[in-house]
Amino acid sequence: MTREVWGSRAGFILAAVGSAIGLGNIWRFPYMAYENGGGAFFVPYLFAMLTAGIPFMIMEFGLGHKLRGSAPVVFSKLNTKFEWLGWFQVGIAAVIAVYYVAVIGWAMSYVGFAFDQSWGTDTNAFFFSEYLKLGENSPSNLGSWQLHIAIPMTIAWAITFAAVFTGIKGGIERANKILMPVLFIMVILLIARVAFLPGAVEGLNYLFTPDFSKLTDAKVWSAAYGQIFFTLSVGFAIMLAYSSYLPKKSDVTNNAFMTVLINCGFSILAGVLIFSILGYMAQEQGKALTEVVSGGVGLAFITLPQAINLLPAPYIIGPLLFLALVVAGLSSHISIIEAVTSAIIDKLNISRKVAASVVCGTGFAVSMAFATNGGLLLLDLVDYFMNNVALLASCLIELVILGWLIKVSDIRDHVNKVSEFSVGAWLEVCVRFVSPLMLAWIVGTNLVNTFKEGYGGYEQSDLLMLGWGLTAALAIVGIIVNIVSRPAKDSAEEDAQE
Ligand code: MET
């Protein structure tokens, strides 16, 4: 089978940017910046972007372009012993995909609620009690299935399925060519409106006024590094898959820089949007901004609805805000499902249509666990482990392989051969020293802290099964697949040496 290719350079960049820009940019970044020193957060964030984000993106685009395969193929072509890491990454992608779609589903519901603000004044009670119907649940006691959550999730799955089933150029590229411009237009229109509301400037001052004392706090650096991999979709099979469809003649370095810079620029736009709204809300309620700010799920589904209640023309701004979340989320969901699908196509040599049907069918069924009363708790616990343990460990292992177990200069040479401007030896310094050292420290700290303190007050048995157990299971499955894989990869290693 000849490998599919992107139809145009712009199409590839839009798809890569579509993957990178997601829920993480809108609900994670602004709060993270606020919590970690406001304007001063940009120092560690830029540092993480330059030393980890850009090098990682260049390496993954270079590897996907050179070795033309999904994550397991790429790693097994480097050395057949490394194939397991590709499957571990595909596993992380699969797990994230099944809960990420739940948040897209909630956001879809909230587009509807926003028209008449049917969440009422107590948006907290509305979200937890009326919408999620969270009761005496826990991550392992999910309660009953909720049709009103399952329906929007099904719509999200249908869109992702249609894109991935149709193929790289006709499906994924075409979807992103619609979704990305729509997202940018919506966000710019929203900013143009809310940035002039009274109080908005105070909100922005909060976000951008640097608290340099935070720069000596290790947690701030860890937060910046932790955010960069998730937001750029690197280290969990996505960008390897996307770049494996690049045509032979492609400017890898330029594409990587564009993707990273557009994504990080968009995060700042999202920060401006959210903090203008929060500043306005604080002013209207006569409160300090610190009293109204919240993070994560609370920011999107409790605080924003409260703010929308106070906004002029809430029936326009409200639906637009949630639609932006939906659009950003969908283009990322498509990419994460493609990461899994392309690995299955490569491994089993089956058609895209069959692979996409199996992946989306199974993913849909599993994701229904999140359309339950306890879905939020399950999501919270699994998300913590995937982001703070599995993904960062995967990135660290990838860095050790790329920096120390193969010749990183080979990849740099390949990249330089096909790109307009050359990448200097700084790439190797970042891949071999700066990033792995930072990550080793962060992963180590996360492991020790989670081991000692647990997470979110969940039961030990839940942490053991759905956190540690799930993470270990993904690695073990990868290793088993690696072992039983036919060792007929001898030609592959030669490919990698080329
Ligand atoms: N980059 C995406 C985000 O920031 C996540 C990876 S794809 C589900 O939301």
Side-chain angles (χ1 to χ4, degrees), residues 13-33 45 48-49 52-53 56-57 60 71 89-107 153 156-157 159-160 163-164 172 175-176 179-180 183 187 223-243 256 259-271 274 295-297 299-300 324-342 359-360 363 367 370 379 382-384 386-388 390-392 394-395:
I13 292 180
L14 283 177
V17 165
S19 170
I21 296 180
L23 302 173
N25 301 61
I26 305 181
W27 83 5
R28 237 188 260 260
F29 176 82
Y31 178 70
M32 203 167 240
Y45 186 73
M49 185 187 94
F56 235 97
M57 195 66 85
E60 291 210 342
Q89 297 193 343
V90 168
I92 296 173
V95 172
I96 294 180
V98 293
Y99 67 75
Y100 200 86
V101 71
V103 185
I104 301 175
W106 303 344
M153 284 172 68
W157 271 114
I159 297 170
T160 297
V164 176
I172 299 178
N176 279 290
L179 294 174
M180 283 304 100
L183 177 64
V187 168
Y225 250 76
Q227 166 76 358
I228 210 76
F229 302 101
F230 184 79
T231 188
L232 291 176
S233 305
V234 290
F236 51 130
I238 300 177
M239 290 304 180
L240 284 175
Y242 266 15
S243 56
T259 307
V260 174
L261 294 179
I262 297 175
N263 173 73
C264 296
F266 183 90
S267 286
I268 296 175
L269 281 185
I274 301 289
V297 175
L299 171 64
L325 261 180
V326 171
V327 170
L330 277 175
S331 57
S332 298
H333 194 243
I334 290 172
S335 74
I336 204 163
I337 288 300
E338 175 57 25
V340 183
T341 306
S342 68
V359 170
C360 290
S367 73
F370 297 93
L379 189 155
V382 176
D383 178 57
Y384 174 80
M386 286 303 115
N387 265 302
N388 296 288
L391 172 58
L392 294 185
S394 152
C395 290

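Just follow the structure's listing: the first ligand is 1, and inside any ligand the first atom is 1. Each residue takes its place number in the sequence, starting with 1.
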Practice task
Please answer whether the main-chain N or O of Glu60 pairs with a side-chain N or O of Ser243 as donor and acceptor at a distance below 3.5 Å.
Solution key: yes
Fill in the blank from the handout: re atom 6 (C) of ligand 1, the protein heavy-atom contact at minimum distance is Ser233 OG, 3.5 Å
Handout entry: Nearest non-hydrogen protein atom, atom 9 (O) of ligand 1
Key = Tyr100 OH, 2.6 Å
Exercise for the section: Looking only at distances, please establish whether an N/O atom of ligand 1 is found under 3.5 Å from an N/O atom of Ile21. Expected result: no
Practice task
Look only at interatomic distance and state if Ser19 has a nitrogen or oxygen under 3.5 Å from any nitrogen or oxygen of ligand 1.
Solution key: yes
Handout entry: Ile336 neighbourhood, listing ligand 1 atoms whose heavy-atom distance to it stays under 4.0 Å
Key = 8 (C)
Exercise for the section: Could you list which atoms of ligand 1 come closer than 4.0 Å to a heavy atom of Ile238? Expected result: 7 (S)
Exercise for the section: Give the ring-plane orientation class for His333 versus Tyr100, where under 30° counts as parallel, over 60° as perpendicular and anything between as tilted. Expected result: parallel
Problem - Within reach of ligand 1, part of Phe236 (heavy-atom separation under 4.0 Å) - result: side chain
Handout entry: Cys360 vs Ile337 side-chain heavy atoms within contact, under 4.5 Å
Key = yes
Exercise for the section: Would you indicate which of Ala20, Ser267, Gly329, Ala339 comes nearest to atom 4 (O) of ligand 1 when only heavy atoms are counted? Expected result: Ala20
Handout entry: Heavy-atom donor-acceptor pair, Asn25 side chain to Gly22 backbone, under 3.5 Å
Key = yes
Problem - Any donor-acceptor N/O pair, Tyr45 side chain to Gln227 backbone, under 3.5 Å - result: no
Exercise for the section: Report yes or no: does Ser233 contribute a side-chain atom to a donor-acceptor pair with the main-chain N or O of Ser19 at less than 3.5 Å? Expected result: yes
Problem - Check: Gly24 N/O within less than 3.5 Å of ligand 1 N/O - result: yes
Handout entry: Ala328 and ligand 1 - part of the residue with a heavy-atom distance under 4.0 Å
Key = neither
Handout entry: Backbone of Leu379 reached by a side-chain donor or acceptor of Asp383 within 3.5 Å
Key = no
